[in-house]
Amino acid sequence: DRVKAKPWLNLISVKEQVYEFWREAMRRGEILPGAVSDMEETALRLGVSKTPLRDALLQLEMEGFVTILPRRKVVVNVLRPEDIKNYYEIIGALESTALCQAFALLGGPEFEAMTRLNAEMRDAIGRDEFDLYYEKNLAFHAVFLSRCGHANLLKVVNKLHPRLDHFHRQQGIVQA
């Protein structure tokens with residue numbers, strides 16, 4: 001028996017670690033929409049150089065999460081109601097295409113999973129557990145998305161969904 005050695009190399013780049021830190025902090029509501037951060041202070045707090053921080057923030061800016069301002073400041077973008085509506089229209093159009101492509105491949109197990117997840121979403125809403133609702137909603141959609149066979153469509157949908165993450169944490173936003 002060989003004992004599995006604990007890897008001593010972190011295979012994820014510093015830029016990716018900083019990116020994931022920011023995304024997770026925004027998702028959890030620790031960095032709120034409208035918040036302004038100083039890049040130098042953030043680099044010091046995270047213990048990273050400015051280059052991977054800047055690279056991560058540039059990626060977040062390209063994805064619409066933040067805006068990099070002059071004088072090394074970063075502001076977390078606020079989702080306006082029209083932005084949310086537009087994102088859902090785009091995601092809805094893409095997911096309806098995915099559902100049409102996947103429909104013939106869906107059977108009993110998928111319909112059972114979707115029925116169960118739908119009930120779990122209703123329960124989560126009834127208990128005001130909006131994070132759980134969102135998690136179950138993504139799982140519901142993943143059932144047919146995973147069967148559509150369209151890798152490029154999935155890539156676009158998976159890039160759009162995270163933009164709405166913090167929106168779902170607002171109590172009362174989801175209705176049964």
Listed pairs under 3.5 Å, donor-acceptor, residues 150-159 side chains, sequence neighbours left out:
from	atom 1	to	atom 2	distance (Å)
H150	ND1	L153	N	3.0
N158	ND2	L154	O	3.1

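- What you find for A98 and C148 is that their closest heavy atoms are O-CB, 3.3 Å.
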Give the table of side-chain donor-acceptor pairs shorter than 3.5 Å for residues 136-145, with sequence neighbours excluded, one pair per line with atom names and distance.
from	atom 1	to	atom 2	distance (Å)
K136	NZ	E120	OE1	3.1
N137	ND2	Y133	OH	3.4
H141	ND1	E95	OE1	2.4

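- In plain terms, the two heavy atoms of A93 and S96 that are nearest each other are O-OG, 2.9 Å.
- Taking I90 as the reference, L94, L160 meet the side chain to side chain contact (heavy atoms under 4.5 Å, CB included) condition, with sequence neighbours excluded.
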Throw together a table of side-chain donor-acceptor distances under 3.5 angstrom for residues 30-45, partners on residues two or more places apart or in other chains.
from	atom 1	to	atom 2	distance (Å)
E30	OE1	R28	NH2	2.7
E30	OE2	R28	NE	2.7
E30	OE2	R28	NH2	3.1
D38	OD1	E40	N	3.0
D38	OD1	E41	N	2.9
D38	OD2	K73	NZ	3.1
E40	OE2	R72	NE	3.4
T42	OG1	D38	O	2.8

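- A continuous path of hydrophobic side-chain contacts links L79 to Y88 [ILVMFWY only; heavy atoms under 4.5 Å].
- Listed by chain and residue number, nothing satisfies the salt bridge (charged side-chain N to carboxylate O under 4.0 Å, His left out) test with R71 (two or more places apart in sequence, or in another chain).
- Not a single donor-acceptor pair under 3.5 Å links the side chain of D55 to the backbone N or O of K15.
- Looking only at side-chain heavy atoms (C-beta outward), R116 and E112 stay at 4.5 Å or farther from each other.
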List the atom pairs, with distances to 0.1 Å, where a side-chain N or O of residues 101-108 and a protein N or O form a donor-acceptor pair under 3.5 Å, not counting sequence neighbours.
none

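- Here the shortest heavy-atom pairing between I68 and E61 reads N-OE2, 2.9 Å.
- Expressed to the nearest 0.5 Å, how far CD of E89 lies from CD of E82 amounts to 11.5 Å.
- Residues V66 and V76 come closest through the heavy atom pair CG1-CA, 4.2 Å.
- Put simply, V75 and L53 are part of two different groups of oily side chains (I, L, V, M, F, W, Y) that touch within less than 4.5 Å, one to the next.
- N118 places no side-chain N or O within donor-acceptor distance of the main-chain N or O of T115, the cut-off being under 3.5 Å.
- Hydrophobic clustering (ILVMFWY, side-chain heavy atoms < 4.5 Å, transitive): L132 and I125 are in distinct clusters.
- For the residue pair E16/S13, the side-chain donor-acceptor check at 3.5 Å is satisfied.
- If you check the side chains of E24 and Y19, you find no donor sitting under 3.5 Å from an acceptor.
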